[in-house]
Amino acid sequence: MEVDYSGDIMTLNMGPQHPSTHGVLRLELKTDGEIVADAVPHIGYLHRCFEKHVENVDYAGVVPFTDRMDYCAAMNMELGYVLTVEKLMGIEVNNRVRCLRIIMAELSRIASHLIAAGTYGNDIGSFTPFLWCFRDRETILDFFEETSGARLLYNYNWIGGLMHDIKPGLEEKIIEFIDYFEPEVDNLNRLLSDNFIFIKRTAGVGILSPEQAVSYGVTGPNLRGSGVKFDVRREEPYLGYEDYEFDIPVGLGEHGPVGSCWDRYMVRIREVKESCKIVRQAVARLTPGDVREAVPKRIKPPAGEVYMRTECPRGELGYLLVSDGSLKPYRLKVKSPCFTVMSAFREVSRGAMIADVVSILGSFDIVLGEIDR
Amino acid sequence: MLTYFRNIGQGIMTIVSSMAIAGRHLFTPSVTLQYPKEKWLLPERSRMRLMNKIEDCIGCGQCARSCPTECILVKTEKRGKEEAPVFASDGTAKKLRTYVFDIDMALCCYCGLCTFACPTQCLIMTGEYEYSVYDKDEHIYHFAAEKPLTVAGESRQNPPEG
Amino acid sequence: MESVAQLLEKIPKYDALPETISALMPILASSVILFAMLALAVLFMVWLERKVSAHIQDRLGPMVVGGWHGWAQTIADALKLLLKEDIVPASVDRVLFKMAPFIVFLGAFAAYVVLPFGSSSFVTDLNIGILYIVAVSSLSVIGIIMAGWSSNNKYSLYGSMRAAAQIVSYEIPAAVAIMTVVLFTGSLSMVDIVRAQTGGIQNWFLFRNPFLFLAFVVYFIASLAEVNRTPFDLPEAESELVAGYHTEYSGMRFAFFFLAEYANMFLVASVATTLFLGGWTQAVPASIMPQIVPGPVVFFVKALILIFIQMWMRWSLPRLRVDQLMYINWKVLLPVSFALVLGAGWMATL
Amino acid sequence: MNPQEIAALLSEKFGQRIPESDADALNPWSAVDPSSILDVCRFMRSDGRLEMDHLELLGGVDYKDRIEVVYVVYSMKHHHRYTLKCRLPREEPHLSTVESVWKVANWHERETYDMFGVLFDGHSDMRRILCPDDWEGYPLRKDYKTPDSYRGMPV
């Protein structure tokens, strides 16, 4: 006798208020017991139409708005925008600005990956890594506060320069921190990354094949987790990244197939170490200079269109800027990395378990502020 | 069968190592700051509440124009020719009488752009961060000290939106 | 129960009471004493948990209420929970919803009756003591299912279903691990089990032979699952199911779930202490050192050490997935526990 | 390939269907006849010389007299980028979907529909993505007026 064991499909709305949706994301899960038959993400709960806002403020005033897209890595967000406008205006910045921007961007990447790793531990059920990561992130935020005056939304990168030079002596403090921090990553690995339960929960779950990843426009650590060696810092260097020595970690699939949650997570952990290397090199290359040397008195780019992308902690961030020659941007379209990776979520999570949905979502490391803009 | 036992062994080993590293942290000093009792020494560049030294303000409205969120409202009027000239502390003549200088800290996005736009450096961001209030309207800070002579409608206003 | 009854008889005019009441009085008195002790122990355990988690995470934990290291924080929290508005959501099954927390608590509480805290401090010494504990503590599953079903919330339902599957299946290895001890004592009475271990640390079942040591490990792991502690906290997995079966509860009813959770923790730690760590007996035999420390204190210290290990594990390990949970139970713990029974039986016949 | 070569290749292949190109601009681009966008995209994705396997950005720009849909495509293998533009009328713009070429286009097209009202024919799930389903108007159009209230709530 044939028996249909598929059972009834139950709809479970995960979010918008849910501890592990990393913000206000709603997942409409069609569940059959613990198995998720379909997971439809609904976004837009944090939509504030950033792109419309910026059409009404001048070019310098856009920077605080870009900060608020990916609030976990605001430095990288504003850096991308600033570089876009500089490209359109043809502004060249001096070496000190370039090095400082790299230092800040990489520190911000470390801070952002720390959040990613910590919250991922929390998603898997271990709360301790979260606070250890935040403890080290606080130190980085201290540097940012000392330099720019803010801890989260810096408005530090200006078009043509920086808001402030760093305080004398900060370089040594940064190096000191990096010295302390690098072994601390191994501690985190021992606590979480190499834990057997953690590996069992993440490896072999949520596999994103390289072909899928490229077709879904997945970028950054998520793409590299699928084994595709692609980094904008290498392929289309900006700020002189071509002169820096660093590796591009990719998912190796030590535990199960390549492109699993564990690979994506581990790419971030390894990237943190690479960022430490870059920061060391950038600090060594600092030369004296005026950080506001090239800041234009009046920011009025010529009419035109420019596309620029940078490597942010969550993937490549692209800005398409259309200028009509006035004081305000005519159109600023943002290609947000989390948006594209989220579109792949439905396919990746099909057939997973409820606990895996959380695991996959955490490994994508999304920030809703950037998806919804 | 071999993987079965290896998995069990690996599971026990990594659990013990995780617990060892967590247990070691029981004896490391905490990083907590007991906030209301102990306070953090803020760096001098900290950007918190806006403050306007109105005696130095020349009422130019640059801050209001540079603000991305339009949280500053400046209303000024020309000083009469017969009035005695007033100067800011850096010697700039105050040709305008600022009779409204309101900052809505509930709208402020703490970007600090206005402080850089200010020609007399009278608008600064202070390190004051404990100013929560029960009513949102109490976040509007009034800095203007002078009263208008003309009718308010005739004076120069904040630039319109857009 | 004798001692309580004797104490009660010292009350003046106690004899004048009707016989039905005087028969009930010792029961009432001992449950009040047990509940008070339990409540105190839970308050302390909650505080300890907060402190342990805080220090593992490089924090300080509660520091303000009560002065010294925030010792009164949990008392304040308990008062807050009791004073909160009693919210019963509109679409719940009211009767089941209101009953569920008490049934969950009852399952944990009833088992305390047979726990021997000291050589003479126990409520009763049932001859089937350990069996009684295994039976009564499964009552809480019914309460959990009631809570999950009546809440009319999908997360609660998931949580309660997970809890039911988990607790019922983990009872098997736990019970089998208990059996290894019973093989040696030949008695199910808790007091007899402890008496079999008197005479110093080498007589504790934990150190008697390797099979019993492994049986302790199996029992400890299975008991973690029975009380829903990490890495087996799936029924209340915060990042997946918000709060599992008690998602809809607040105020006093939530406090009862909380109390039940910690009471269960203490229960399994006490059972492990009784079975494997020699209960109230001290590590150094009386022939070498006079036994100054009272038995209950020894018992509490041993139980607290186990509870500390539970907390330590909770704050260092991630959570398992449902299928892995079942894998560990049916494919690892159960075969191992059967093998241990065989081994221990062989040792007992030697 | 450099932008000039891509522009030349495209106009050679599609002739009249590529009305305009500017390969020397900061962001080299070609305008594509809206009816043939799917063919052009398929060609760019599959041709061995181009292999534009990465759709970096798909978005609209409102030029007051027309709406342009911009496709920024990139080849991960050959490391070159090119921009395609489709000029559409403001009234009822519609375009064929490129979802079959790049899967990521699904969400980008939904966003473009949400913000500009461009309908994508053949799209599998043409709903609003960021705004609520019953939102009126297309926010990023230049003549959009912010409503005073939404379902009785002040905006």
Side-chain angles (χ1 to χ4, degrees), chain A residues 40-49 51-52 55 84 87-88 90 210-219 223 228-230 232 234-236 302 304-309 316-324 330-336 339-347 371-373, chain D residues 22 25-29 45 51 53-64 68-77 79-83 85 99-112 114-116 125 127-133 135 138-142 144 146 155:
Chain A
V40 188
H42 293 270
I43 61 170
Y45 290 91
L46 203 58
H47 180 54
R48 53 226 186 255
C49 219
E51 290 167 10
K52 187 79 179 176
E55 287 172 17
T84 312
K87 190 175 172 189
L88 184 62
E211 297 75 38
Q212 270 181 333
V214 172
S215 181
Y216 271 112
V218 173
T219 51
L223 178 69
V228 181
K229 199 164 188 165
F230 187 88
V232 180
R234 239 331 126 62
E235 310 298 336
E236 280 187 353
E305 195 180 299
V306 66
Y307 179 79
M308 171 87 195
R309 59 175 181 169
E316 55 179 71
L317 172 82
Y319 284 99
L320 177 79
L321 176 65
V322 181
S323 155
D324 59 351
Y330 186 76
R331 169 89 170 100
L332 184 69
K333 161 81 188 152
V334 184
K335 181 255 152 107
S336 112
F339 186 82
T340 55
V341 77
M342 210 49 222
S343 67
F345 180 78
R346 191 172 176 179
E347 196 167 313
I371 293 183
D372 294 346
R373 280 157 295 162
Chain D
D22 186 352
L26 209 48
N27 197 28
W29 56 275
R45 172 77 179 81
E51 263 189 78
D53 49 5
H54 181 31
L55 176 67
E56 282 191 19
L57 180 138
L58 193 164
V61 185
D62 183 3
Y63 281 106
K64 288 179 182 140
E68 267 187 17
V69 177
V70 182
Y71 299 74
V72 179
V73 288
Y74 182 78
S75 166
M76 291 220 172
K77 193 173 167 199
H79 305 296
H80 52 221
R81 172 185 294 115
Y82 205 66
T83 306
K85 290 181 179 181
E99 204 190 327
S100 54
V101 187
W102 302 285
K103 285 180 183 166
V104 65
N106 186 328
W107 275 33
H108 279 316
E109 283 171 356
R110 275 176 73 186
E111 192 192 338
T112 312
D114 193 355
M115 294 294 143
F116 292 93
D125 189 18
R127 286 180 294 133
R128 282 183 180 270
I129 187 164
L130 291 172
C131 295
D133 283 343
W135 193 260
Y138 303 105
L140 280 179
R141 289 199 179 194
K142 287 283 176 187
Y144 176 75
T146 315
V155 173

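All figures in this text were calculated on a predicted structure; none of them were measured in a lab. Each chain gets a letter, A, B and so on, in the order the sequences are listed, and its residues count up from 1.
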Could you tell me which portion of [X] (side chain, backbone, both or neither) has an atom closer than 4.5 angstrom to a non-hydrogen atom of chain D?
X        : result
A:Tyr307 : both
A:Leu223 : side chain
A:Leu88  : both
A:Met308 : neither

Using heavy-atom distances under 4.5 Å, tell me whether [X] contacts chain A through its side chain, its backbone, both, or neither.
X        : result
D:Lys85  : side chain
D:Arg45  : neither
D:Val72  : side chain
D:Asp114 : neither
D:Tyr63  : both
D:Arg81  : side chain

Counting heavy-atom pairs under 4.5 Å to chain D, which of [options] comes out on top?
options                               : value
A:His42, A:Glu55, A:Lys87             : A:Glu55
A:Val218, A:Ile43, A:Val214           : A:Ile43
A:Glu51, A:Glu316, A:Glu347, A:Arg309 : A:Arg309
A:Ser215, A:Gly44, A:Cys49            : A:Ser215

Side chain to side chain, [X] and [Y], heavy atoms closer than 4.5 Å:
X        : Y        : value
D:Tyr138 : D:Asp62  : no
A:Leu320 : D:Asn27  : yes
D:Trp107 : A:Thr340 : no
D:Val70  : A:Lys333 : no

Given salt bridge (Lys or Arg N to Asp or Glu O under 4.0 Å), test A:Lys335 with D:Glu56 step by step and report yes or no. CA-CA 7 Å; A:Lys335 181 255 152 107; D:Glu56 282 191 19; over 6 Å; no

Any idea which heavy atoms bring A:Ser336 and A:Ile371 closest together, and the distance? OG-CA, 4.1 Å

Closest non-hydrogen atom pair, A:Tyr216 against A:Ser343: CE2-O, 3.5 Å

Could you have a look at D:Lys142, D:Glu111, D:Met115, D:Arg110 and say which one has the most heavy-atom pairs with chain A under 4.5 angstrom? D:Lys142

Look at the rings of D:Tyr74 and D:His54 and say which category their plane angle falls in: under 30° parallel, 30 to 60° tilted, over 60° perpendicular. perpendicular

Hey, is D:Asp53 close enough to D:Lys77 for a salt bridge, meaning N to O under 4.0 Å?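 The answer is no: the pair does not qualify as a salt bridge.
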
Ion pair check, A:Arg331 and D:Glu68, cut-off under 4.0 Å: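 No, no charged N to carboxylate O under 4.0 Å.
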
